[in-house]
Each structure stands twice: as structure tokens, then as C-alpha cells.
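Letters A, B, ... are given to chains in the order of the sequence lines, protein chains preceding strands, and every chain is numbered from 1. On a predicted model such as this, the values are computed, not experimentally measured, just so you know.
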Amino acid sequence: MIEFILMIITILSAILALIQKDLLKAAILTGFSGGALAVLFQILLAPDVALTQAIVGAAIVPVFIALAVKKTQRGDA
Amino acid sequence: MKLYDQIFDVVKKFKKLFSPGPVTNADVSGSLTAEIFIIVSIVIASLLLRHISVLLAGLVTLILAVVLITSIPLIPKFKIEQEDSLNKMLFYAIITLGLIAVFLYWGGLLV
Amino acid sequence: MMAETQLAILFTSIALVVIGLYAAIFVDNIIKKIIGISFIEEGANLFIVGIGYKAGGIVPILTPDMDPTWFASHASYPLPYGLVLTSIVIGASTLAVMLALVMVLYRKYGTLSTSVMLADTSKQEEYNE
Amino acid sequence: MNELIPLMVIVPMMAALLLSAFSKYEKFIRILALVVAICLPIIPLLSNYGLHYFGGYQPMTDNVTNIIYHPAITYSFNFMQQIFIGMIGLLTFLVVFIYLTKYKNVSGPYLFLLFMGTAAVTALLLTDDIFHMFVFFEILALAQVGIVAASSIDYSYEMALKYMILGSIGSPIMLLGIGFLLAITGTVNVTDIVAIIRGGLIDATSPVFLLSLGLIFFGWLYASGLPPFHTIKSGIYSKAEPHGAALLQSFTVISMISIVLIMFRIYSTLPIFEVLIVLFSVIAMILGVSMALTQTDFRRMIGFLAVGELGFIGLGIGLGTQFAITAGLFQALNEIVITALLFIGFGAIVNATNEVDTRKLGGLLAYHPKVGIMLLVGGLAMAGVPPLSGFQSKLMLVQASLSCGFPELSILAIMVSIATFVVFVKTFYSMFLSPKPHDLEVVDKDVPKAMVFAMFVLLVVIIALGLFPDVVTSGISNYVGGLLL
């Protein structure tokens, strides 16, 4: 059951990230999506992939995007 | 007379194509060559359909020839569609992806 | 139950790919476009992990107390997992390079709009004047 | 000496890493880059043909079904790989040589990108593993973006970002296709996949198999710059430094043929595969050459011409007979050399005049006669004038399409050759022969000797291949015969 919830979280946060006006929120929602995917990988019997995805998808990618947003502009225009 | 005037206008339209900067003879004649080349090569390429059906090939070739010749100049249109704008390139890339997927899924075994 | 999970994985990954492709065409903001494109990568990764998944199986790590034949019939398929590891890292590095280029270009144009920043070169010359 | 096979990838890659790490020590990186660049064309010539299994995992035979499995990443090295790796090594040497002599301050990271790209295409040619192919395809894309972004030409960053965004759509799609293939065959080794398909263990008409073809094909379109990616491909050529562009186009050609050969081995049972390749090749030829005719920036023009010539390679492979594939591969080899010559030669003109618009140039033959003559020969070779190498391969292609029963394709190929000739003569006239405009200032300095040397070497290769095509074609023909079994 938990895997279905995780899938829904992944897709929903992906969609929400794309309709945000605030790019910082979009970055955080990307992290949500990546983190949910990491847990999903763990449930799908791939612990090594889950570890990598947890670091890359839930930490590094949002931080990169947030840094890019900080150096550019926050609003979606 | 309409077609004649249209052919005559082509050179003027090519001049506009190179508008910022001087327009040389070589550029306009190059564009004219490209115009003729595009029409002839598309018509010849459509002849390849004869491997599927001869009747289809004949029809398509005739229709294409008429449509292409009556809609000259083609080069400005082609050039606008193939400019460097990312949005256009992405659009065509994804359209192509969709066409390939659809063509293979539903028509993959027909050919 | 088992087939359901795999089908759901397939749908999720395809949904992620489609969301990404949608963002690539219709979203104008370049950072959002890049976020969307990273979803395509994630969708592909999820799909490949889904291939290796065996419902009701175990994690493919052979401990000394396991019987190898029992292990072979119960463990999920580890080859796709190895591929996904590489692919995740490649995706992150691609994203980093794209964001770095965006930061450089923002300094020049002062906007994140794709239709200004990445338009046709001849139109950009007019913009600069 | 089979041990040399992995070294062809490892040497440029190690060199790249060392150059990047020690980029502070100017003298060291100059010497290292030159030594490695000299080694690159020599290693494939010394190596023996054969297979290399990484980690030493030999193929295993299944006792029940008698099918051989390859657990290791396998590199296979044959005449085709030898000639192409030798050629890319020679080109890398020339490009690095030009770069080292042109600039006083050499940059380690830029050399890193050049060597990384070379390592990636070498691995693409050698590999027998479809995921390995994907990884190096991505590395190659990153290296290409770096080479474009590192140039000091206006709008190079924009072009690099566009290429990168399109690439990050193309490569996950290709990964999905590889995933589909993995899902139905359970392996990523190409030889195993081919054995499974030929053995009838999977249904070759299932939609999953067909879709995997479509998705990998899309990735291949991106890698090779066929439509719809021809605009971006010609764009990155025009925004890179001339020597960088010479290397970039060779990367494109080699990634095109190496991926298409892998696809050919897997999907040649499907007739639609060949239809798709011929379709996109014909579109590439028409669009590439007609766009080249209307350009005024000569770098962009050569870029579009290079894309149009790619159509010939695709045509040869799409026809699918032994003779046609041989012709396509020979055309690929010729195109690497000829387009590199053109890019380097036109780069020398940019160097001397700081002008890329053909309308503002003229009368350059009086200033740079050597470059002019060599460019003329290169352009004639590209258009397919005997006795140069382009003529031999195009003649083979025309014969191949005639003997396959497609006279339309022969006519198209000849027409594209003629249009290429028109493009070249038009540009050559307005740059070298027409009267010199008053406001054009030709910097009265010699073209760098390294550029003239590189052009001369490439010219010798063109003439040699044109006079003795059998040296290459007989070996390639044998290799292709092995593929078609």
C-alpha cells in the first residue's frame, strides 16, 4: 500500500513543482519528489539505488536549484 | 498571370530574407537554387512511395508538385521554421518523438 | 497484488516522463524547464528499477547463510540497479552544468524567460541593441 | 597485443584527468598533451584484433540451452574500429597541435574536454554493451557542450545550453529504450541480445520491442544530428572554435555510425528499421543542403553541409546490403577528414580577417593562396569530384542504391552532390575570387603554420583515399560481412 502513496506523492509534487510561482518552493518540491522516489526504490528492493537517489535527488538537486535561484531571481517571470 | 507574378515576386522576397546587410547576386541565386532543389527533391523523394502502392505514389507526387509550386517562395518559410530558437527546436523534437512512437506502435508491422 | 505494483510503477514512470515533456514544451521559465527535464530522467530511472523488481522477492545481496539456489530464485534482478546508479549520477551532473550555464546567461539578459534568453540568434542581436 | 584494446580508452581519459588536475603547471601539460596526442593514432595500429573482457570474466556457456553469455563489459576490436580510431586519433593530434601552438596560455580544462571526447567516441566504437554505449554517449554530450561553451565566440553559451537541454531530453528517452530492451531480453550485451532475438526466444513483433527501437532511434537522431536536431548541430559547429568544430563533427559522425551499427545488429530483422533510417537520411539531405544554400555565415554553412552529408551515411546503412553499408562507412570516414579540413581552413580565414559573413569578404586568394587552394580541393572532395575520396564513396552509394532497386535515391544523392558543389563554389567565389570590399581589413599576417600543416596532412589523406579506396573498403567490407551473418 505504501508504494502507491509514494507514487502519488512523487507525481503530485512533480506537478506542483511546475505550477509554483515561487521558484524556491519549486526547488523544495523537487526534493520531495526525489525523496519519495528514494523511499520507493527502497521498497522496490534496491537499497543501493535508494541511498544514491536519497542523496542526489533529495539533497543535491534541490540545493543546486536553490543556489541557481538565489543567484538569479526568485519569481517566475 | 497570377502564378507568373508570384514567381516574379520571389526574388523580391529573397531580398528581404537577407535584409540587414547588403544583398549580393550570389545569395539570391543561391536561394533560388535552394527553392528549386527543395521542390524537385521532395517530389522525387515522394516517388519512393511506389514501393507501397503505385497509385498512391502517382497521386501524392502530383498533389505535392502542385501544392509546392503554387506556394512558392518556400525558403523563407523553411528558414523561419528552422531558426535557432529553443522553443521551436524542442517543439519539433517532441513532435518527432511522438510521430516515431505512434508510427511504430500502430504501423510498425505494416511496412 | 504483484502485477499491480509493477503496473503502477510503469504508470508512474510514464507519468513522470510525460510531465517532463510537457514542461519542456509549455513552460517558459528556464529553471522550471530544467526541473521538468530532470523528471524525465527520474521517470526513466524508475522504469528501469521496476524491471528488476520481483514481487515478494528479497534484496539481491548474498549472505553466507543463504542457499545459492534459493537465493537465485528469490532475489530481484540486480543488473538494472547497477545501471540506474550510473544514470542518477549522470543526470545530476547534467543538471548542474545546465544550471551553471543558466546562471551565466542570467547575468547577460536579466531574465529567466526562454523566449528571450534562448531565442534565435538574429533576434537576440536586436535585443542587445 | 590484446592488452592495448582498453588502453585506447584509458590513455586519453587518464591524460584528460591529469591535464585537468595539473592545469597550473603550464609546461607539464603542454608536454603531456603532445605526447598523448602522438600516442593516440599509434596505439590502434599496434594492437591486435580481438575481444577484451573487462575484469577477465570470460563468456559462460549455459549447459542446458548451449547459449553463450557474456557477463563482462566486452570491447571488440576489428579492422573497422582500427581505421576509425586511428583516424580520430590523427585528428585529435592535429587539433591539439593547433591548439597548443595557437595560444600562449593553454588551458588544462579545455584539453580535458578534447581528450574526454576522444575517449568517449573510442569507447563508443569499441563497446559491445548497450548501457556502456549510453554512458559514453552522455559523457560525449557533456564534452561537446564544454567545447562549445569554452569558445570565445558570441552566443556560444546560449547554443551550448540549447544543445544541453535538447540532449537531456534525448538521452533519457534513449535510456527508456534501453530499459525496454533490457526488460524483454534481460541483458545489455549486444551479442547476447542478438543471439536471443535470432534464436526466437522473444517475439520480434511485440510492441515493446518496436517501441524500444523507436526510443533508441530518437536518441540516435540526437547523437547524429539528423532532423529535427540538424539546426542545433549546425549551430554548435558554428559557435565552437574552428579546430574544436573539426573535432566536434568527427565526434558526431563516429557516434552516429557506432550507435547505428549496434542498432543494425539488433533490429535488422525488422524492415521498418531500414525504412526509418532512409526516411530521416533523405530529410537530412534535403534540409541540410537547402539550408546551407541560404546561409551567409560560412561557419554555419559548413555546419549545415556537414549535416547534409550525414544523410549519405544513413542512406548507405539504411539500404542494408553489404556493399551499401561498406559505402556508408567509407563515406563516414571520408566525411570526418573532409569536413575537418574545411573547418580548419575556414577557421584560418576567420583568424586572418575576424569576419564570418561571406558578403563582407572577397579577394582573399591574393592574401592566402595556400589556404585557398587546399580549401578548394577539400570542397571538391566533399561535392564528390574525381579522383578525390568523396567521389569514391558517393559513387559506391549511388551504385548501391541502384542495385537495391531505388533509382530515386540515386537521383537524390546525385542532386545533393550537385547542390553541395553549388554551395561550395558560391562561397569560394564570394570569399576568394570576388573583388575585395573596401572596408575589409585583412590582417597582414601569416596563417598559423600548424593550421597549414594540419590541412596538408588531411589533404594527403583525402587524395590517398581517393586513389586507393580498396585499402579501406576491402577491410570494411569483410567486417560488414561478419555483421550480416
> Which atom names give the shortest non-hydrogen contact between A:G34 and C:E42, and what distance separates them?
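Result for this residue pair: CA-OE2, 4.1 Å.
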
> Which atom names give the shortest non-hydrogen contact between A:L18 and C:A23, and what distance separates them?
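Shortest heavy-atom contact: CD1-CB, 3.7 Å.
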
> Measuring from atom CG of C:L99 to atom NZ of A:K71, what distance do you get when rounded to the nearest 0.5 angstrom?
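One finds 13.0 Å between CG of C:L99 and NZ of A:K71.
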
> If I take atom CG from residue A:L45 and atom CD1 from residue C:I61, how far apart are they, to the nearest 0.5 angstrom?
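Answer for the CG-CD1 pair, A:L45 versus C:I61, is 10.5 Å.
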
> With only heavy atoms counted, which part of A:L37 is less than 4.5 Å from chain C, the side chain, the backbone, both or neither?
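When you check distances to chain C, only side chain atoms of A:L37 fall under 4.5 Å.
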
> So what's closer than 4.5 Å to chain A heavy atoms on C:F39: side chain, backbone, both or neither?
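Side chain of C:F39 only, per the 4.5 Å heavy-atom cut-off to chain A.
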
> Give, as side chain, backbone, both or neither, the part of C:L46 having an atom under 4.5 angstrom from any heavy atom of chain A.
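For C:L46, the contact with chain A is made by backbone and side chain together.
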
> Between A:I8 and chain C, with a heavy-atom cut-off of 4.5 Å, which part of the residue counts as in contact: side chain, backbone, both or neither?
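For A:I8, there is no contact with chain C at all, as no heavy atom is under 4.5 Å.
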
> Could you tell me which portion of C:K33 (side chain, backbone, both or neither) has an atom closer than 4.5 angstrom to a non-hydrogen atom of chain A?
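Contact with chain A is absent: no heavy atom of C:K33 under 4.5 Å.
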
> Does C:Y77, at its OH atom, have more than 12 non-hydrogen atoms belonging to other residues, nucleotides or ligands within less than 6.0 Å?
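Correct, the count exceeds 12.
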
> What are the two closest heavy atoms between C:L85 and A:T52, and how far apart are they?
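The answer is CD2-OG1, 2.8 Å.
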
> If I measure from the heavy atoms of chain A, does C:I19 come under 4.5 Å with its side chain, its backbone, both, or neither?
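Contact with chain A: backbone and side chain both.
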
> Return the CD to CD distance between A:E3 and C:Q6, rounded to the nearest 0.5 Å.
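The CD atom of C:Q6 is 11.5 Å from CD of A:E3, to the nearest 0.5 Å.
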
> Identify which part of A:V56 has an atom lying under 4.5 Å from any heavy atom of chain C, answering side chain, backbone, both or neither.
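Only the side chain of A:V56 comes within 4.5 Å of chain C.
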
> Please determine whether the number of non-hydrogen atoms from other residues, nucleotides or ligands lying under 6.0 Å from atom CZ of C:F11 exceeds 12.
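For C:F11, atom CZ is not crowded (no more than 12 foreign heavy atoms under 6.0 Å).
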
> Nearest 0.5 Å, please: how far is NZ in A:K21 from CG in C:N29?
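One finds 9.5 Å between CG of C:N29 and NZ of A:K21.
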
> For A:I19 versus C:K32, what's the shortest heavy-atom pair and its separation?
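Nearest heavy atoms, A:I19 then C:K32: C-NZ, 4.2 Å.
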
> Does any heavy atom of chain C fall under 4.5 Å from the side chain of A:L29, the backbone, both, or neither of them?
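Neither part; nothing is under 4.5 Å.
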
> Heavy atoms only, distances under 4.5 angstrom: which of C:V84, C:L16, C:V89, C:I35 has the most pairs with chain A? Name it, please.
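Looking at each of C:V84, C:L16, C:V89, C:I35 in turn, C:I35 comes out on top.
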
> Got more than 12 heavy atoms from elsewhere within 6.0 Å of NZ, A:K25?
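Result for NZ/A:K25: open.
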
> Examine whether an atom of A:I65 lies under 4.5 Å from a heavy atom of chain C, and if so say whether it belongs to the side chain, the backbone or both; otherwise answer neither.
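Both parts, backbone and side chain.
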
> By a 4.5 Å heavy-atom criterion (distance strictly below it), what part of C:I34 contacts chain A: side chain, backbone, both, or neither?
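When you check distances to chain A, no heavy atom of C:I34 falls under 4.5 Å.
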
> Would you check, one step at a time, whether the test side chain to side chain contact (heavy atoms under 4.5 Å, CB included) holds for A:L6 with C:T12?
CA-CA 10 Å; A:L6 283 168; C:T12 315; over 6 Å; no

> Can you name the closest pair of heavy atoms from A:Q73 and C:Y106 and give their distance?
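Taking every non-hydrogen atom into account, OE1-OH, 3.1 Å.
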
> Identify which of C:A15, C:G57, C:A92, C:G91 forms the greatest number of heavy-atom pairs closer than 4.5 Å to chain A.
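Option with the top pair count is C:G57.
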
> Verify side chain to side chain contact (heavy atoms under 4.5 Å, CB included) between A:L23 and C:L112, making sure each step is shown before the conclusion.
CA-CA 11 Å; A:L23 288 177; C:L112 288 176; 3.7 Å; yes

> Please find the pair of heavy atoms, one from A:A46 and one from C:V49, that lie closest to each other, and give the distance.
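That would be CB-CG1, 4.4 Å.
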
